[in-house]
Amino acid sequence: MAEEDDLGAPLIAELHKPPALLPIAQLKDRLLYAIEAFPVTIIVGACINETAQIPQYLFKAGWTNDGSQIAVTQPRRIAATSVSARVAEELGCQLGQEAGYSIRFEDVTSEKTKIKFLTDGLLLREMLVDPLLKRYSVVMVDEAHERSLSSDILLSLLKKVLRARPDLRVVVSSATLDAEKFLDFLAPDDGETINNKTKEEYGTIVSIEGRTHPVDIFYLSSSTNNYIEKAVETVMNIHTSEADGDILLFVTGREEIDDTIDMIADRIVDLPHGSRSLQPLPLYAGLPTDQQMYVFQKAGENVRKLIVATNIAEASVTIEGIIYVVDTGYVKLRAYDPVLGIERLNVVPVSKASATQRAGRAGRTKPGKCYRLYTEADFEALESATFPEIQRSNLAPVVLQLMNLGIQNLVRFDYLSNPPSALVVRALDLLFSLGAVDIHGRLTKPLGTRMAELPLEPMLARTLLNAPTFGCLSEMLSISAMMTLQGTAFVTHDGNQKLLEKARRRFAVKEGDHITLYNVYQAFTNPAVGKQSSQWCRENSLNYKALLKAVSVRKQLRNYLDRMGIQENALASSDAIRVGGMSMAERVQRCLTTGFFAHAARMKSDGSFVTVGGETVLWAHPSSIFFHRKADWVIYHEIQEAKGKVYIRDLTTVEMDWLTEYAPEYYKVKQK
DNA sequence: GAGCACTGC
């Protein structure tokens, strides 16, 4: 590997030091002691084994004898279900008995359940009805180092709960590096006490690092300015000179995956006859499930798999048989511009934690090798952990949820990492303009609390809650459910984009994308048309799994509204809105305006759009029916920048008068 | 004119 090549940057090895292993029995005793003695225990370096074992230790040590439960939160549904299944097996019980899981749409628990795995987002929802989490004696937050929005918020709230409940035990599981930060955050400051405990008495760190196979790390001797070319080079070198074992290559997105696979395909042709072949396979979240399956199938005789993946392979998806990891050192991360309200996807260097996680993917079954396409000095210069999501997201949904939990002052809230105040202010502004927050900064009742309860972003929640007034509740339920699919409804089954566009045209209407998606939902669920079948989806370039999800989401939304006592035909509540002779399309268009007035734009003669203030040039996303058609005023669901161009997605035509009619305050201010 | 990193309720 270390030979000079055209790119002038050979890979050099870092000497590998075998880690010391802590005997499992000793680990158990230390953990049980720590959790007994300290309200807060931070566990460093636990992998799947420990995540499954620790709650069982606690269960067997009597932490649920008083009838309470142990909660283990996960950032992803798949982890909650798979780890709970494993624990149930180890306990020798049926899943849903002593061990179970609870995720959105699926509650596999019973009165007997003692160990409950759930997503961190769902535990946050539980806090609405049980703010002190009284049913749990221990809450374990797994994968805290990922710094997801919900696990960060959960830790803030747990910090408060701990002060009110000296009996509660919080266990935070993190991969290396950040342990001190979590402990500092949850424990009292130096010299202070909480429930009569000093910082030293309040929490402890237990380290169980190094239980996987060793992975040799190689770095470049000098940086490269074309990591894709270097990646192709490295992959080919591994393939021709290293022993058996599949390769996992991390790049940043779909386009890079396609490019890389094309380049590899060109190089494969040059391989000598009779040599082992290389099979490149793409893996990214947007890939339809049937195509993702190839990645998990064993390669044929004399074939080496090369999986070219996004970050999905870093933690969400695990592939057996990976011995070699090639890490370009980059990732695509979301950034939110609070001034323009635009989301961006930026390619940025990974964090040390990410790089370590990526390398670890090579050592799951036996010792492996990781090739980092950057220098050791570059690695040392990386941020230790990924920038927390709370510092780079649209915070309107979070702010709404926190207010509904009784948090009044969002600026002074005790965050694990403070979000930039511009993000908080922007969120409050939006919530105010939607009527969820009053002039005093308090959540309104019932509108604000209802919006917070719905599992929808605020603008969509507001729209749905307005639907009865326009006599289009049923339609808006379907549209809301389809919007949660985030553009995944249509899909190419064989890479044929033309078929997809043809299919889209079959459902398209002149009013725009929302009603087009409504037509898709109607057709899919119609017993005489789509019959909720995968076959029909295939024929219409539709994503079967996504549409099934829409059906579930719609049911759930319907349940929420039923519980709120919201039904169709609440027309009498507002005689200002005359919907009598109005077409259903117009009712939906007007209703959408009441939630998305802040996302209004007008098409210019060149086909681009401008916002009301006229400061930004926008383009219809290629998936919109207005990519090709003319329009005047529209509202859009989402705005995102890609490659320097700002795209708006999911557009529906509106009349300018509706904007001032339904949002007079908002447009009065804007026009000054 | 030509495109979503990844999760979650």
Side-chain angles (χ1 to χ4, degrees), chain A residues 73-80 102-107 118-128 143 146-154 250-258 283-287 309-317 330-335 343-348 350 354 386-387 389 392-393 397-398 400-401 404 451-457 460-461 484-492 497 500-501 549 552-553 556-557 559-560 603-604 606-609 617-624 626-628 638-650:
Chain A
T73 74
Q74 295 289 334
R76 286 169 289 277
R77 295 159 56 95
I78 181 79
S102 190
I103 58 179
R104 187 183 187 182
F105 308 130
E106 283 176 64
D107 183 10
L118 73 176
T119 49
D120 34 34
L122 197 61
L123 188 62
L124 278 180
R125 292 261 158 193
E126 279 192 7
M127 293 187 81
L128 271 179
E143 313 277 9
E146 289 188 14
R147 304 299 308 274
S148 76
L149 208 43
S150 24
S151 86
D152 265 24
I153 294 293
L154 188 58
F250 285 100
V251 296
T252 68
R254 182 187 174 156
E255 199 178 1
E256 280 183 5
I257 290 173
D258 291 343
L283 178 64
Y284 52 91
L287 201 65
T310 61
N311 234 22
I312 191 173
E314 192 177 299
S316 314
V317 163
Y330 286 92
V331 66
K332 222 179 254 188
L333 278 189
R334 172 175 48 214
E343 254 182 21
R344 295 197 174 86
L345 280 174
N346 296 331
V347 173
V348 295
V350 293
S354 265
T386 305
F387 224 57
E389 210 181 350
R392 49 187 174 87
S393 306
V398 172
L400 188 58
Q401 205 176 5
N404 199 31
M451 281 172 64
E453 275 174 56
L454 290 174
L456 295 174
E457 55 191 297
L460 197 53
T484 65
L485 303 183
Q486 299 171 101
T488 58
F490 286 95
V491 74
T492 67
Q497 192 66 27
L500 190 159
E501 294 307 333
K549 187 188 164 199
S552 298
V553 172
Q556 193 193 27
L557 293 174
N559 286 339
Y560 271 107
M603 195 188 263
K604 295 191 295 185
D606 68 351
S608 69
F609 288 84
V617 179
L618 316 170
W619 296 91
H621 189 272
S623 66
S624 169
F626 294 112
F627 185 65
H628 288 303
E638 218 173 36
I639 178 164
Q640 195 169 51
E641 188 183 295
K643 291 185 183 160
K645 258 181 122 168
V646 184
Y647 290 100
I648 47 180
R649 309 169 64 93
D650 297 319

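No hydrogens, no waters, no symmetry mates; every other heavy atom, side chains included, goes into these values. Every chain is numbered from 1, with letters handed out A, B, ... down the list of sequences.
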dG8(B) P sits how many Å from L456(A) CG, rounded?
17 Å

Please classify the nucleic acid contact of A315(A) as base, sugar-phosphate, or nothing, using heavy-atom distances under 4.0 Å.
nothing

Going 5' to 3' along nucleotides 2-7 of chain B, which nucleotides have protein heavy atoms under 4.0 Å from the base (write B), which only from the sugar-phosphate (write S), and which from neither (write -)?
BBBBBB

Test N404(A) against E453(A) for side chain to side chain contact (heavy atoms under 4.5 Å, CB included), laying out the working first.
CA-CA 8 Å; N404(A) 199 31; E453(A) 275 174 56; 4.1 Å; yes

Categorize I103(A) for me: base, sugar-phosphate, or nothing, with a 4.0 angstrom heavy-atom threshold over every strand shown.
sugar-phosphate

Can you tell me the distance, in whole Å, between the CD atom of E146(A) and the C1' atom of dG8(B)?
12 Å

Going by heavy atoms in the side chains, are Q486(A) and R649(A) under 4.5 Å from each other?
no

Can you tell if the side chain of T119(A) reaches within under 4.5 Å of the side chain of R125(A), non-hydrogen atoms only?
no

Taking for each residue the nucleotide of DNA chain B bearing the nearest heavy atom, is the 5' side occupied by F626(A) or by R104(A)?
F626(A)

Side-chain touch T252(A)/V331(A), heavy atoms, less than 4.5 angstrom:
no

Whole-Å gap separating P (dC9(B)) and CG (N559(A))
16 Å

Would you indicate whether the side-chain heavy atoms of R147(A) and T386(A) approach each other to under 4.5 Å?
no

Touch check for T119(A), heavy atoms < 4.0 angstrom, all strands: base, sugar-phosphate only, or nothing?
sugar-phosphate

Between S354(A) and E314(A), a side-chain donor and acceptor under 3.5 Å
yes

